[in-house]
Amino acid sequence: VQLQASGGGLVQAGGSLKLTCTTSRGILSSTRTAWYRQAPGKQREFVASIVMNVRKYSDSVKGRFTISRTNVARQVFLEMDNLKPEDTATYYCQGSWGSSEYWGQGTQVTVSS
């Protein structure tokens, strides 16, 4: 299974970006899809997930980020609003099919102050 993340870039604080993850395998309602991020010198951290129409967010992005997906198009989105410099990181999409999990290659998001 391949996951391709895109949509990263450079944005000013307060701005918005929308990340897209395109998967090579169909997404069922039971498929857990998620976004994680890793800032330089820090461990990878959970950002948001969606499974069975239940969405979860880390406290640091709750109210600013929205995860969604289109099963037919095999895409997972992360809409990021009111971005802050501390959101700067490489963002990775992740998908779990059964007991197997797969990761995309990451897309860089840089928020300038």
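It should be emphasised that the depicted structure is a prediction, and the values quoted were computed from it without experimental measurement.
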* To do: Could you tell me the separation between the OG1 atom of T33 and the CZ atom of F77, rounded to the nearest 0.5 Å?
  => 11.0 Å

* Restricting to pairs with a member in residues 19-31, which pass side-chain hydrogen bond (donor to acceptor under 3.5 Å, both in side chains), not counting sequence neighbours? -> T22-Q75

* Distance from L78 atom CG to S68 atom OG, nearest 0.5 Å? -> 8.5 Å

* **Matching residue for M80 among T66, V111, L17, V11 - test: side-chain contact (heavy atoms from CB on, under 4.5 Å)** => L17

* Looking at G106 and T90, what are the two nearest heavy atoms and their distance? -> CA-CG2, 3.9 Å

* Atom OG of S60 and atom CG of D87: how far apart are they, to the nearest 0.5 Å? -> 7.0 Å

* **Pairwise distance OG(S58) to CH2(W35) - rounded to 0.5 angstrom** => 14.0 Å

* **Close side-chain approach of V109 to L19, heavy-atom, < 4.5 Å** => yes

* Asked: Got a sec, which pairs hit side-chain hydrogen bond (donor to acceptor under 3.5 Å, both in side chains) with one end in residues 39-57, sequence neighbours left out?
  -> R37-E45

* Over all heavy atoms of both residues, which pair between A13 and S113 is shortest? Give the atoms and the distance, please. => CB-CA, 4.3 Å

* Are any non-hydrogen side-chain atoms of R69 and N71 less than 4.5 angstrom apart? -> yes

* **Donor-acceptor pair, side chain of R32 and main chain of S96, under 3.5 angstrom** => no

* To do: Find the distance between CD (Q105) and SG (C93) and round it off to the nearest 0.5 Å.
  => 7.0 Å

* **Side-chain donor/acceptor of Q4 to backbone N/O of G104, under 3.5 Å** => no

* To do: Check for a donor-acceptor pair, side chain of W97 on one end and backbone N or O of G26 on the other, with a separation under 3.5 Å.
  => yes

* Asked: Is there a side-chain contact between Y92 and L3 (heavy atoms, below 4.5 Å)?
  -> no

* Asked: Can you hop from I27 to I67 via hydrophobic side chains spaced under 4.5 Å?
  -> yes

* Structure fact -> Heavy atoms of A89 and Q108 approach each other most closely as O-NE2, 3.4 Å

* Do W103 and F46 sit in the same hydrophobic cluster, where Ile, Leu, Val, Met, Phe, Trp and Tyr count as joined when their side-chain heavy atoms come under 4.5 Å apart? -> yes

* Working to the nearest 0.5 Å, report the span between CG of D81 and CD of E79. => 7.0 Å

* Which atom names give the shortest non-hydrogen contact between T107 and G7, and what distance separates them? -> OG1-N, 4.0 Å

* With sequence neighbours left out, what residues match K62 under salt bridge (charged side-chain N to carboxylate O under 4.0 Å, His left out)? -> D59

* To do: For the residue pair F65 and Y91, categorise the inter-ring angle as parallel (less than 30°), tilted (30 to 60°) or perpendicular (more than 60°).
  => tilted

